[in-house]
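As a basis for the values below, the full set of heavy atoms in this structure was taken, side chains included, without hydrogen atoms, waters or symmetry mates. In this chain, residues are counted from 1 in sequence order.
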Amino acid sequence: MLMQVNCSNCHAPLQLPPAANSICCVLCQAITLIADPRSLPLPLPSSSHQQQPLPSPYNHAPPGPPPQAHGRKRAVICGVSYKNTQYELNGCINDANCMKFLLVNRFMFPESSIIMLTEEETDPYKRPTKRNIRMALRWLVQGCQSGDSLVFHYSGHGSQQKDDNVDEVDGYDETLCPLDFESQGMLVDDEINATIVRPLPCGVKLHAIIDACHSGTVLDLPYLCKMDRKGRYVWEDHRPRTGMWKGTNGGEVISFSGCADDQTSADTSALSKITSTGAMTYSFIQAIEYGHATTYGNMLNAMRSNIRHVDEGGFVTSLLTMLLTGGSLGGRSRQEPQLTATEPFDVYKPFSL
């Protein structure tokens with residue numbers, strides 16, 4: 001059983017492993033000693049001593065009820081278009097709006113329990129900046145209980161950077177690029193894992209749908225599903241050689257991502273024929289709408305097949321990735337969605353959010 005403590009510097013909630021006498025905060029890198037009184041668990045609310053809530057973008061939201069703190073279903077949807085920059089994408093806000101429609105109308109997520117972070121939002125705390133995404137991810141898992149179903153959807157740029165803590169098989173960390181990544185930096189997979197994966201208690205399920213370049217293992221989940229075109233699969237062990245724990249506190253995390261770590265994802269009109277979308281998000285939703293998502297394995301196969309059979313001319317590469325890495329189209333492997341998880345499971349079990 002992990003104990004929750006607060007970082008002695010930034011007061012972010014941290015999950016303390018058993019018998020540990022200190023913990024490093026993934027957000028500010030401060031070391032919290034367990035003897036430090038600031039790190040002790042917060043007291044339970046009472047009539048005389050009310051627990052202070054975690055900072056939240058909803059402290060500054062327009063009038064109206066915030067998302068339920070303990071809703072059975074909760075989601076964070078993030079679409080970043082980088083409008084009026086050299087990195088601009090055309091389909092990401094469409095992706096976010098379509099994903100919200102799917103969750104509300106097909107999977108019965110209450111609208112009041114969904115955070116939307118896009119550049120269309122007028123509230124500055126709901127724009128997809130690094131700070132706001134961090135706050136939304138903390139909210140997503142805050143106080144989650146057995147039986148809760150959580151979703152994190154991201155559509156935007158992704159990239160890679162050199163791994164500095166030796167926990168990556170390929171030597172590179174995967175990253176997501178917030179709207180302000182040029183000034184504030186990227187969200188690294190180590191932080192994402194520490195924020196929404198490791199704290200999950202038993203009985204809670206989190207699905208991540210990540211439509212970005214280099215996103216195969218962007219949640220740093222321990223197992224990657226390797227599946228051939230006939231649907232045969234094995235789970236590949238991606239646990240760090242250092243022994244660092246990347247799993248949960250008893251919960252289950254399953255992630256669909258747009259491509260492998262060494263691939264790029266398309267922002268294209270070739271799939272819908274009407275407007276620009278992320279190829280992965282469109283294929284994910286289409287598989288559900290066409291009844292091809294009865295199981296996780298069927299979902300993965302349907303997404304890959306849909307992308308595989310689209311006219312190659314409709315795809316575009318990631319401008320951001322090319323600019324950051326000096327890459328080109330030459331030798332680029334085709335986009336292939338990936339499935340990762342905290343534990344190996346039968347991929348032909350029923351799919352549900």
Please report the closest heavy-atom contact between Ser146 and Val204, naming both atoms and the distance. N-CG2, 3.9 Å
Arg304 and Gln338, any side-chain heavy atoms less than 4.5 Å apart: yes
Taking Tyr154 for its side chain and His157 for its backbone only, find out whether a donor-acceptor pair lies under 3.5 Å. yes
Measuring only between side-chain heavy atoms, which start at C-beta, is Leu187 closer than 4.5 Å to Glu191? yes
Does the plane of the ring in Phe351 sit parallel, tilted or perpendicular to the ring in Tyr296? Use 30° and 60° as the thresholds. perpendicular
Between Lys230 and Asp228, is there a side-chain N and carboxylate O pair less than 4.0 Å apart? no
Would you give the length of the straight line joining atom CZ of Phe152 to atom CD1 of Ile196, rounded to the nearest 0.5 angstrom? 5.5 Å
Identify which one of Asp95, Asn306, Ile307 satisfies the side-chain contact (heavy atoms from CB on, under 4.5 Å) criterion when paired with Tyr282. Asn306
For Gln145, is there any backbone N or O sitting under 3.5 Å from a side-chain donor or acceptor partner on Asp148? yes
With a 4.5 Å cut-off on side-chain heavy-atom distances among I, L, V, M, F, W and Y, is there a chain of contacts connecting Val188 to Val141? no
Could you walk me through whether Glu120 and Lys100 satisfy the salt bridge (charged side-chain N to carboxylate O under 4.0 Å, His left out) test, starting with their C-alpha distance in whole Å, then the side-chain angles of each, then the deciding distance to 0.1 Å, before giving a yes or no? CA-CA 14 Å; Glu120 289 186 338; Lys100 179 180 179 181; over 6 Å; no
Between Tyr233 and Met303, is there a shared hydrophobic cluster once you connect ILVMFWY residues whose side-chain heavy atoms come closer than 4.5 Å? yes
Measure the SG-CG distance between Cys98 and Leu103 for me, rounded to the nearest 0.5 Å. 11.0 Å
In sequence, state the C-alpha distance, the side-chain angles, and the governing distance for Gln184 and Arg131, and then conclude on side chain to side chain contact (heavy atoms under 4.5 Å, CB included). CA-CA 9 Å; Gln184 300 302 315; Arg131 178 184 182 275; over 6 Å; no
For a 4.5 angstrom cut-off between non-hydrogen side-chain atoms, does Glu343 reach Tyr223? yes
Nearest atoms (heavy-atom pairs only) where Ala212 meets Gly158: CB-N, 3.8 Å
Between Asn132 (side chain only) and Tyr125 (backbone N and O only), is there a donor and an acceptor less than 3.5 Å apart? yes
Take Ser183 and Asp180, measure what side-chain hydrogen bond (donor to acceptor under 3.5 Å, both in side chains) needs, and give me the verdict at the end. CA-CA 6 Å; Ser183 60; Asp180 55 353; 4.9 Å; no
Stepwise side chain to side chain contact (heavy atoms under 4.5 Å, CB included) test for Arg74 and Leu150: CA-CA 5 Å; Arg74 218 182 308 175; Leu150 314 178; 3.8 Å; yes
State, to 0.1 Å, how close Thr248 and Val197 come at their nearest heavy-atom pair, and which atoms those are. CG2-O, 3.3 Å
Count I, L, V, M, F, W, Y as connected when their side-chain heavy atoms are under 4.5 Å apart, and connections chain through other members. Are Ile77 and Ile93 then in the same cluster? no
With a 4.5 Å heavy-atom cut-off, do Met99 and Thr281 have their side chains touching? yes
Aromatic plane relationship, Phe345 with Trp235 - under 30° parallel, 30 to 60° tilted, over 60° perpendicular: tilted
Take Ser159 and Thr175 through the side chain to side chain contact (heavy atoms under 4.5 Å, CB included) test and state the conclusion after the steps. CA-CA 5 Å; Ser159 191; Thr175 64; 3.5 Å; yes
Side chain to side chain contact (heavy atoms under 4.5 Å, CB included) assessment of Glu119 paired with Val80: CA-CA 7 Å; Glu119 288 139 280; Val80 197; 4.0 Å; yes
For the pair Lys130 (side chain) and Met186 (backbone), establish whether a donor and an acceptor sit closer than 3.5 Å, ignoring hydrogens and angles. yes
Non-hydrogen atoms of Pro128 and Ile133 that approach each other most closely: O-CD1, 3.7 Å
Counting only heavy atoms not in Lys226, do more than 12 fall under 6.0 Å of its NZ? no
Quick one: CD1 on Ile254 to CG on Leu219, what's the gap to the nearest 0.5 Å? 12.0 Å
In short, Pro337 meets Leu300 closest at the heavy-atom pair O-CD1, 3.5 Å
4.5 Å side-chain heavy-atom contact, Asp220 and Ile192: no
Which of Asp190, Asn193, Thr342, Asp189 passes side chain to side chain donor-acceptor pair (under 3.5 Å) with Lys246? It is Asp190
Between OG of Ser283 and NE2 of His292, what distance do you get to the nearest 0.5 Å? 12.0 Å
Please tell me whether Tyr348 and Phe284 are part of a single hydrophobic cluster in this structure, the criterion being side-chain heavy atoms less than 4.5 Å apart. yes
Separation between CD of Glu336 and OG of Ser257, rounded to the nearest 0.5 Å: 10.5 Å
Do the non-hydrogen side-chain atoms of Leu221 and Thr217 ever get within less than 4.5 Å of each other? no
How about Arg198 and Asn249: do any of their side-chain heavy atoms sit closer than 4.5 Å? no
Value rounded to 0.5 Å, distance of CZ in Arg127 from CD in Glu121: 9.5 Å
So Glu182 and Tyr87, do their side chains get closer than 4.5 Å, heavy atoms only? yes
Contacts of Phe109 that satisfy ring pair (Phe, Tyr, Trp, His ring centres under 6.0 Å) - sequence neighbours left out: none
When you measure from the side chain of Lys73 to the backbone N and O of Leu353, does any donor-acceptor pair fall under 3.5 Å? yes
If you look at every heavy atom in Thr118 and Ala96, which pair is closest and at what distance? CG2-CB, 4.0 Å
